[in-house]
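Each chain gets a letter, A, B and so on, in the order its sequence line appears, and its residues count up from 1. Every value quoted in this text rests on a predicted model; they were computed, and no experiment measured them.
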Protein chains: 2
Amino acid sequence: MSSVSENLAKETRMRGDDRRELILEAATQVFGDHGYVGTTTAEIARAAGVSQPYVVRLFGTKQQLFLDVLGRALDQLLSTFRAALGGDSSDPVAHRIGVAYVELTRERGLLLSLMHAFVLGGDPVVGAAARAGFMDVYRFLRTEAGFSPDEAQQFLAGGMLINTLVGIRMTDDYETDPEVRELMQAAMPEKLDVVLALAEGDRR
Amino acid sequence: MSSVSENLAKETRMRGDDRRELILEAATQVFGDHGYVGTTTAEIARAAGVSQPYVVRLFGTKQQLFLDVLGRALDQLLSTFRAALGGDSSDPVAHRIGVAYVELTRERGLLLSLMHAFVLGGDPVVGAAARAGFMDVYRFLRTEAGFSPDEAQQFLAGGMLINTLVGIRMTDDYETDPEVRELMQAAMPEKLDVVLALAEGDRR
DNA sequence: GTCTATACCAAGATAGAC
DNA sequence: GTCTATCTTGGTATAGAC
């Protein structure tokens, strides 16, 4: 999945769309780590293997780049959920989507970039995009997934806790602190291994 | 409660501790709105009615100021919870603490400053403080409030969703969007009025 | 205890070459 | 399509006066 872009990264010159996608991927990671304001275009450029002015050139402004990252993240999120709606129907829908959600932590920075946006509601443009995106997810849960308002609330609440635990890097203390273990097991009874494996990779 | 500090604000010169508290209050608000990185010491200074260098002088660095804000927020949070543990015992503990939590949105920026910290787990010093603070709350729920791991998880999940809805300023669309109304009513069946009234005040 | 002035640096964006 | 060089702004922190 990412091997395509990794191969492309080695080219010194490529089609604009490919480079764009490559930068969006890198930007998602970096924004996820440091937040919107905390991220520099230079850092994104470094992560993508291009020059800083080129990043700006391609997306106009840092803000526009962030908006593009958010849009892409939302698309990936919803299409992952839709895929889960297919799947083994002996398994309840809520469970299938829940598992799909935790699996999304694999897409480095995706959920965290969203989380950073969610907390910037005060920004006139980023905030508006964040609200719209959040409601897209809610609408999906209510209509496509068939959740009741209360089920949707429950699901989103669990999701926000997972985002928080990942964002706060609670994984760092998983081994050493038994209370952290207890909490994380309660928050993601399944698929904890995915999150932990990912955290392991990050500590390089 | 805040009238004390408002009166003090009019003095051009005051005891260091009072000015300190005044600045911490202002900083909590501003950090809550714009996040750690997105906040400038100049903006905090303006909000507190002092000069920018004085803010730095008093706390050493912006980072230290943020850490102090976090510590203060945690203290207020836990003492509010402890007060709720007292209260009318015909009302279940979980409910009393839940209501107390929503009431905390009154303390402008308190929950949001915490939320901003929670998402900065990657920062070596802020992240460590955030994790420690989060676990303080978990430990309170488990020991003092007597929650099971699952009850604590449930409570924290609901809390993170409320934080997110407040941070994303979902209140802005409450009147116009029926789906937003539906979601917010599910997320905070009680005390929604407190949050809405607060949001009203913010849009000046 | 608090201010004004300012040094210093980092970051986003632009110009223009290749 | 992509880079190097650079302009410009804004933000933290320091020095030093009152």
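In this structure, A:R57 atom CZ and D:dA5 atom C1' are separated by 13 Å, rounded to whole Å.
Contact check, B:R19 against C:dG1: no side-chain N or O comes under 4.0 Å of OP1 or OP2.
Between A:D123 and A:F66, every side-chain heavy-atom pair lies at or beyond the 4.5 Å cut-off. A:E43 has its side chain out of reach of A:Q52: every pair of non-hydrogen atoms, C-beta onward, lies at least 4.5 Å apart.
Among D:dA13, C:dG12, C:dC3, the nucleotide with an atom closest to any side-chain atom of A:Q52 is C:dG12. Here the side chain of A:P53 is nearest to one of D:dT2, C:dT14, D:dA13, namely C:dT14. Side-chain proximity of A:K62 to C:dA13, D:dT2, C:dT2: nearest is C:dA13.
Looking only at atom types and distance, the side chain of A:Y138 has no donor-acceptor partner in the side chain of A:Q153 under 3.5 Å away. Side chains of B:R72 and B:Q76: a donor-acceptor N/O pair is present below 3.5 angstrom, by distance only.
Contacts of A:T40 with the nucleic acid, taken as non-hydrogen atoms under 4.0 Å apart, involve only primed sugar atoms and P, OP1 or OP2.
Between A:V50 and B:T41, the residue anchored nearer the 5' end of DNA chain D, judged by the nucleotide with its closest heavy atom, is A:V50. Comparing A:S51 and B:V37 by the nucleotide of DNA chain D that holds the closest heavy atom to each, the one mapping nearer the 5' end is A:S51.
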